[in-house]
Each structure stands twice: as structure tokens, then as C-alpha cells.
There are 2 protein chains.
Amino acid sequence: MTVEKVTSVDVAKRAGVSQSAVSRVFTPGASVSPKMAEKVLRAADELGYRPNVLARSLITGRSRIIGLVVAYLENQFYPDALEKLSNALQARGYHILVFMVSNDEAGIDQVMGELLDYQVDGIITASVGMSNDLAARCAAAGVPVVLFNRGQDDDRLNQVTSDNFEGGRKIASFLAAGGHQKIAHIAGWSGASTGRDREAGFRAGLEQAGLELIACIDGMYKREIAADAARKLFAGTDRPDAVFVGNDHMAFAVMDVLRFELGLSVPGDVSVVGYDDVSLASWPAYDLTTLRQPSNRMVEATVTTLLDWIEEGGTHVQKIKIDGPLMIRGSVRIPEGWPDARL
Amino acid sequence: MTVEKVTSVDVAKRAGVSQSAVSRVFTPGASVSPKMAEKVLRAADELGYRPNVLARSLITGRSRIIGLVVAYLENQFYPDALEKLSNALQARGYHILVFMVSNDEAGIDQVMGELLDYQVDGIITASVGMSNDLAARCAAAGVPVVLFNRGQDDDRLNQVTSDNFEGGRKIASFLAAGGHQKIAHIAGWSGASTGRDREAGFRAGLEQAGLELIACIDGMYKREIAADAARKLFAGTDRPDAVFVGNDHMAFAVMDVLRFELGLSVPGDVSVVGYDDVSLASWPAYDLTTLRQPSNRMVEATVTTLLDWIEEGGTHVQKIKIDGPLMIRGSVRIPEGWPDARL
DNA sequence: AGTGAATATGCATACGTATGCACCTTATAT
DNA sequence: ATATAAGGTGCATACGTATGCATATTCACT
């Protein structure tokens, strides 16, 4: 396999011009005459020349690479987000370098180091937090960070989330309006802001309706743990008549346990509500009522924020919350005369 | 935001040594004395120095970046593969640059060009084919390619697939053994080898059992098209008693239509078999019988093949087929006395 | 102590591109 | 026609690192 690299020098030679001229032809906005452009482009085409992005980045200091840190792709919300992020960035001339990471501090630190080695122009973390030390290193390296679907109290870190507190609250008032009395919660991981905020909003909404949680278990955003939580919640005789599960991924597991292990009817015996509105939630097998995280708008906000920092040298750290509607489907008892309008 | 790059020169200065020495300390296998290593590492640590991968790649000609081209992540098989590929490559010091692509020739060509601009060391396409022209360009650039889950007659392209023909055949004999008489097929996209091979194997298996397909519709690997196909298949009075669907992603849609639109029982009225064995297939809501594509082994083979080419200058193009078992679950009528052993 | 081999180190250069500067060409206005 | 600005072009250098070559140091052995 003979590798014949063709460089701007080769093109210059063939076109009978200087290397700078070639470079300028391939640099948008540089000053070149039409005649020159034509000559160079023809020579480039004949040789099959394409600029070396890496060499370019050495000078410009911009790699057009965005690092994406993500913990797991099993929850459908993330591949969906990844696909949308990648498309949006690709349309703007950037590309995503993927870093899978186990969600513990040591793993993240190690991976984030590798990330910076690649001179990424920016970093998006999907549902992953950062240590202070790390945030400092990114800041020092001048690499902007956006936390996608994760909040963190650090005024160097941009973040884009749905309005988790308000979402939890909406679900609470919806369940309360449906006349549910014994309401339980299988929470998202308490180590993440999303889980905590949803729970807090949910509790606030219940209180507002004069209700109280009868049980709350941390599901860790994991299918198996959520399933166990469901088994535990429904082990006694005093069963909940409604469960809010911290995300759809866990909610599916919970519904499976309720229906196929315990023989309960959803929503006949118990209402189930999720969070995210991944596409599977709308499939008839689950038909899950859930609070939609508007991934399109979240992605849009993420990309806009990040590129603003990269290209305009942004200075104002954004903490963006995006409101989403409750998607009412067949997994819940629907309140009498509940307005069709989305919450 | 002040960006202070710290380079090997800075480290050299502080440690009182030459830049070459610093480079060697960070190059595994280079000759350095323990004393030197210690001095340099301390200085590097104090300054927070890390080698610039991009600058390094300019000299070595290796970027340690693998381009991954993928069409869509909705089918759970792909995020799963992506996660595993990324982990496996990461463990070997490589990272994945993601390129989303619409599955048409023009889009692929455009994207593949950008890919080569990044000087990737290798390319993996997930369920995406390549034009001859493109294969030639990759070969000319010395960039090895592995097609993951896609076959193509081109002796420059490595490929790793499951044994799709044999898989289709296994499913046919299983359904035949179950006493099904009116067997239909909702095929994978006929534009892809996987779909064609599964269908061919399926037909061969039926013939072997003295049966014949009563209907076959191209589902294009798309949920909505598969759902329509199911509606069409079951519109008349002479309904199939078994359907083999070209992948799980479509099979879920088919089951949804059968159960929730047509009120049929699966497997009471009709058996359904899928292909892939994504994790959702084993969830009780579907409990889908399906032929497992062993993604772990496929990923392993893909990574091994690719890195062999990259690091050892491989020369023998691999066309690897990996056999997978039929996972027998509740979506089919199970043949009397069918051995528990996997097919 | 002296010899040769083996190991460490520094110097200089190369990788492929972008860009400041100086120069030259062409267009524009006077 | 001349003066001036505006636009093109080439030269030289820089980006941050790896590496061949020559030299300096260490070591084992006689």
C-alpha cells in the first residue's frame, strides 16, 4: 500500500504558483484573483489534493473537533441526542470525537485528559459532570464546555437542561388531578442534578396538591435497579396507585415488572409516568405518559452556545432551561375532563 | 479567556534540557535515562504539559483517529455497536470521529471527503456502503476500511458481518419445524447485502423444508414502512401464520401493528421472528425470538482487523462472517420437543 | 587505568499549512 | 497623464512535535 500524500506544495508546483497562493485559495475570505483560483483548483483537482485539517489546526489553533463525553448509550435519549448533535455540528463544519466514560470521577479525569490532547475546540458532556479541577483545566486551556442534560454549580460551565423541577411539578399536579392517592417515585440517580430536580419538583407539586410521597427509591437511571425498586414498592399490600419514574428508560423496566411479573394492569391498577419521551415511549407496547425533553431545542441551544464561545469568544456563561410538555398517553388514568391542551 | 499553551519547549527550558529530550520522555520506547525522565516529568507536571496529539500526527503520519460513518442510530443495534467500538478502540489508544450520513451516494461521498481531510488512520462504516470511487480514494490515501454489518464485493474493503444467509436459513427451519404453513417475510432493505442475504437464506431454508414464501415485502429497515407492510400482509383473509422480519427494529413495529391495530395474538395467531437480538428484544413487552448478531465478537473482529491494517500494514483483506444463535423467546409457537440447545 | 560497546543527549530539520510583510499589479479618481 | 488606493502574489517564518545524525556520557570488561 503506497501512500502518496499530495500537499499544497505539489499543487503549487503544478499550477506554477507559490504555496501561499494555494493556501489562500482554500482559505475562505482570503484575497485571490479568479484566474488564480481557477488555476489552483484545476491543479488541485488533477492531483486529488485536499487540505490537511490537522496541519491547519496547528497554525490556526482551531481543530474543528468537538469532544463529546458520554457515559452510556443504552438509554435511547442519548443516541438520539448524539445523532442530532452530530448533524447540527456537521452542518457548521465541526465533527464529534467520542469519548465513552464510566461515570466515576477517575475515569472522567483520565478521559478528559486525552480529550484535551486532541486540541478539541469545545467539549460537550452528555449527562456527565466534571470535577472542579477538570473545569479549571478546560478553562485554562481555553476550551469551552457545555453540559448537556446535566446541571452543575460552577460558573465556568455552560449547561442546557430541560426544566426538570417544573417537569416534576407538572407530573405531580397531573397525577393529583387524576385522583391518585398513593403516589410513589422511583427517582433518577441522586448524584445527578436532573434526578434531584425532578424529585424536588415532584415533591413540591404533590405538596401543593395536599399530597405526600408514600415511597421514594433511587433507581440510579439503571434498568435493573429500577425493576428491583418496583418489586420492592409493590411487595406489600398497601400498593401505590401511581408511580413517577425518573426517566423513560427505567419506566419501561417498571412497566414490565408490573405487568409481566406482578400481573398488574397499567393503568387499571397503577398509573406510570416517565421522563424524556424517547421514541419508544410512543410505541403502543408501552404507550407511556411522559414529560418530553425537547431534544431538538436542547441540541440547538447546546450547539449555539458552544459555537458562540468558540467563534465569538463568548464570555457569558449560559445556564439554559428548556420547558417541555407532558405527553399524555395510555399508561395513566386520565383526570375527568382534563384539557387536551398540553400542560 | 487567556489561552496559555504550554509546549515541549517550555518544559525543556524549565527542566534545563533539550526539546528532543522532552519528546523522548513522552515517546514510549525511546531511550532516556531515569534521571532525565524524572526531571522532565516533574517539569511537565508543574507546567501542566501534555503532548499535542495533532502536532505529533503531522510527523508520525498517525492521528490515532478512526472515522466512523453511520447512517442512523434509531435502531438500537447501532448505538450498542458504537459504544462497544468506542470502548474497544479507546482501550487501544484510538478515538472515534463520528460522521452521520444520509444513506445516499452523494451524501456519503461528501462526508467521506471530510473524513479523509482529518487524516484518520482508518474508517469503519456501520451499515453503510461505499462507491468504487471512494474505495479507490481510501486505498490511494492508504486508509484501511472495514465495513461493519455490511457486505460489498470489493477486494479493497474489509468487512465483518454475521452469517446472514445461515441466519435466515436457521429461522426458516425453525419456523418449518414449528408447523407453520403460511410464512411471510418483511425483508431488510434490498439495497443492502444483509437484507438480501437473510432473505436468500430464508428462502433456501424454506425450500429445504418443502415450503415456499407466501409473500415478501421490502421493509427498508424502517419502522413505518415495516408497519405498512404488516398491514398489507394481514389485510386479506388468507393471513400468514408466521412472519420473519428482517431486523428487530422493524419486528417491534410489526408486533405493535399485529397486536394493537389488528388485535391478533402473538404467537397465538401468528409467530414473529426478528434479527439482531437488540436488548429490547428480550424485554417482556416484546419477548421477541430473534437471531442474535454477536455484536461483541463482531466489534472485536472489526477492531482487530482495522488495527492490524493500521499497525502491521496488513495486506490480506478480510471478509469475516460470524455465526450467531437463534434466541428462542415467546413471540413464536415453539416446535414440539424442540431442543433447548441453541440452533 | 584503558578500551570498546552501549546508551543518552543535543542539534538541526521536517511534517503541511497559514499569515505578516513587502512588493507588484490593476483599477479608480483626479 | 499622474497620484493613490486597493487588490494579488511571493517570501519567509511559525505552529508543536519526532527523529536521523553526531557527539558525549556511562558501563562492563580486560
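In what follows, every chain begins at residue 1, and chains take the letters A, B, ... in the order their sequences are listed. Remember, it's a predicted structure, so these values are computed and weren't measured experimentally.
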Checklist entry - Any donor-acceptor pair under 3.5 Å between the side chain of A/Ser20 and the base of D/dC11? => result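 Check passes, donor-acceptor contact within cut-off.
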Report the nucleotide, chosen from [options], that has the shortest atom-to-atom distance to any side-chain atom of [X].
{"X": "B/Ile59", "options": "C/dG16, D/dA18, C/dT9", "value": "D/dA18"}
{"X": "A/Val32", "options": "D/dT17, D/dT9, C/dT9", "value": "D/dT9"}
{"X": "B/Ser33", "options": "C/dC15, C/dA8, C/dG10", "value": "C/dA8"}
{"X": "B/Arg56", "options": "D/dC11, D/dT17, C/dT19", "value": "D/dT17"}

Distance test, side-chain N/O of [X] to OP1/OP2 of [N], below 4.0 Å:
{"X": "A/Ser23", "N": "C/dT17", "result": "no"}
{"X": "A/Ser31", "N": "D/dT9", "result": "no"}
{"X": "A/Ser8", "N": "C/dG16", "result": "no"}
{"X": "B/Thr7", "N": "D/dG16", "result": "no"}

Expressed in angstrom and rounded to an integer, what is the separation of [X] atom [atom1] from [N] atom [atom2]?
{"X": "B/Asp10", "N": "D/dC15", "atom1": "CG", "atom2": "C1'", "answer": "13 Å"}
{"X": "B/Leu54", "N": "D/dC15", "atom1": "CG", "atom2": "P", "answer": "16 Å"}
{"X": "B/Asp117", "N": "C/dG16", "atom1": "CG", "atom2": "P", "answer": "15 Å"}
{"X": "B/Met36", "N": "D/dT26", "atom1": "CE", "atom2": "P", "answer": "12 Å"}
{"X": "B/Arg50", "N": "D/dG16", "atom1": "CZ", "atom2": "P", "answer": "17 Å"}
{"X": "B/Tyr118", "N": "C/dT17", "atom1": "OH", "atom2": "C1'", "answer": "15 Å"}
{"X": "A/Glu38", "N": "D/dT9", "atom1": "CD", "atom2": "P", "answer": "13 Å"}
{"X": "B/Arg24", "N": "D/dC21", "atom1": "CZ", "atom2": "P", "answer": "13 Å"}

Can you tell if the side chain of [X] reaches within under 4.5 Å of the side chain of [Y], non-hydrogen atoms only?
{"X": "A/Asn149", "Y": "A/Phe77", "value": "yes"}
{"X": "B/Asp109", "Y": "B/Ser131", "value": "yes"}
{"X": "A/Val17", "Y": "A/Lys39", "value": "yes"}
{"X": "B/Leu307", "Y": "B/Arg92", "value": "yes"}

Next on the checklist: Using heavy-atom distances to pick each residue's nearest nucleotide on DNA chain C, tell me which of B/Gln19 and B/Leu58 is more 5'.
Outcome noted: B/Gln19
Checklist outcome for this item: Sorted by position of nearest nucleotide on DNA chain D, 5' first, the leading residue of B/Val53 and B/Lys35 is B/Val53
Next on the checklist: Using a 4.0 Å heavy-atom cut-off, does B/Val17 contact any base of the nucleic acid, only the sugar-phosphate backbone, or nothing at all?
Outcome noted: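 Sugar-phosphate only.
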Checklist entry - Ion pair present between B/Asp80 and B/Lys84, side-chain N to carboxylate O less than 4.0 angstrom? => result yes
